[in-house]
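Order of listing sets the numbers, starting from 1, for every ligand and every atom in it. This is a predicted model, so every value here is computed, not measured.
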Amino acid sequence: MRDINQFTITEAVKKSFRTEEGSRFEQLLHGLIDHLHDFTREQQVTHEEWMRVLMFLYDCGQISTPERHEFILLSDVLGWSALVDMINTRGGATEGSNLGPFYLDDAPRKPLGSDISDGRDGVTILVHGKVTDSLHNPLPGAIVDTWQADGSGTYPIQEQAQGQDKMDLRGVFEADASGRYWYTTVLPKPYTVPYDGPVGELLRAGNRHAWRPAHLHYIVRHPGMAAITTEVFFEKMDYLENDAVFGVRKSLVAKVSPAKDVDALGYEVAAKPDAVVEFDFILAPES
Ligand code: BEZ
Ligand code: FE
């Protein structure tokens, strides 16, 4: 008979899995079992606490749909998503940040200089910059895929029932021969992550709010370079210091400048901007 107690159980559980020795799967599984068991012993977890956690996870599953993934939201508010982004940012490249739940992989290609505000009210901003490698060599043809909330903090995809087009406030641009991209849009507003489910309950239990600072989302790609998923924030805006999902990094906060010198930038744009946001993306080689 197995002689098992609260100290020998950890090795017994690890051994019970017949994983390929030295494989990544084995490493991750053993690490998880070690930490979970250590945590349980350290905290002397009670039956009630253990069941509360399992019911919380059950509730996360119950509220999840293909459009609402409560487990990712849980990962976000625990800073786990941000930690994975930080660990996987390549040296010299733009820092990674949340993908969030509103990305669509079939957003329309648009010519440089387009306005992607789709008639939404608010402050019109010219967003521009360069896509380069870490030695500042331009990456012509880089793909800049962007999506964002509107001037009231809503993603059109969240309001399709109210007649909004999920493809609004999105665009896929191809950088020019100098690696430059530019377009106009509306300055987004802060918004809350969904807090009507178990993750909202967790936030309330910890006296936390659900707000995210205003941001623009990006995926930037170029052949031979590692794609980056990131966000650009705006200086002096609310919630930069306490983003509910820990997405803000100092290097991702851009200045919002008055639009007085737009002509000097030499861009052709479809809408007259009130302000200018400049942000350069740096990609690192794939391997
Ligand atoms: C977002 O940035 O769109 C987002 C990120 C995490 C949770 C919900 C929304
Ligand atoms: Fe977002």
If we number the atoms of ligand 1 from 1 as shown, the ones under 4.0 Å from a heavy atom of E231 are 2 (O)
Ranked by distance from atom 6 (C) of ligand 1, the top protein heavy atom is D76 OD2, 3.2 Å
Of A244, P188, G100, P194, the one whose closest heavy atom lies nearest atom 5 (C) of ligand 1 is G100
Requested in this report: Could you tell me whether the side chains of T46 and E49 share a donor-acceptor contact shorter than 3.5 Å?
Outcome: yes
Looking only at non-hydrogen atoms, the one of S75, A210, P101 nearest atom 8 (C) of ligand 1 is P101
Exactly one candidate in I33, T8, D34 meets side-chain contact (heavy atoms from CB on, under 4.5 Å) with V13; the answer is I33
Have E159 and T154 got a donor and an acceptor in their side chains that come within less than 3.5 Å? no
Atoms of ligand 1 under 4.0 Å from any heavy atom of L73, numbered from 1 in the order shown, are 7 (C)
(Q) Do T89 and R249 pair up side chain to side chain, a donor and an acceptor below 3.5 Å, judged on atom types alone? (A) no
ask   = For the residue pair F281 and Y181, is the inter-centroid distance of their aromatic rings smaller than 6.0 Å?
value = yes
* What is the ring orientation for Y155 with F102, classed by angle as parallel under 30°, tilted 30 to 60°, or perpendicular over 60°? -> tilted
Within the 2.8 Å cut-off the protein N, O or S neighbours of the Fe ion (ligand 2) are Y155 OH, Y191 OH, H215 NE2, H217 NE2
Going by atom types only, do D85 and S97 share a side-chain donor-acceptor pair under 3.5 Å? no
Residue, atom and distance of the protein heavy atom nearest atom 2 (O) of ligand 1 read R212 NH1, 2.6 Å
In ligand 1, the atoms that come under 4.0 Å of a heavy atom of F102 are 3 (O)
inquiry  = Would you say the ring centers of H37 and F7 fall short of 6.0 Å from each other?
reply    = no
| query | For atom OH of Y195, is the number of surrounding heavy atoms from other residues, nucleotides or ligands below 6.0 Å larger than 12? | reply | no
With under 30° as parallel and over 60° as perpendicular, where do the rings of W211 and Y239 fit, or are they tilted in between?
-> parallel
Report task. Count the heavy atoms belonging to other residues, nucleotides or ligands that lie under 6.0 Å from NZ of K110, then report whether that count exceeds 12. Result -> yes
Of all protein heavy atoms, the one nearest atom 4 (C) of ligand 1 is Y191 OH, 3.1 Å
Here the atoms of ligand 1 under 4.0 Å from any heavy atom belonging to H217 are 1 (C), 2 (O), 3 (O)
Taking only non-hydrogen atoms of Y155 and a 4.0 Å limit, the atoms of ligand 1 in range are 3 (O)
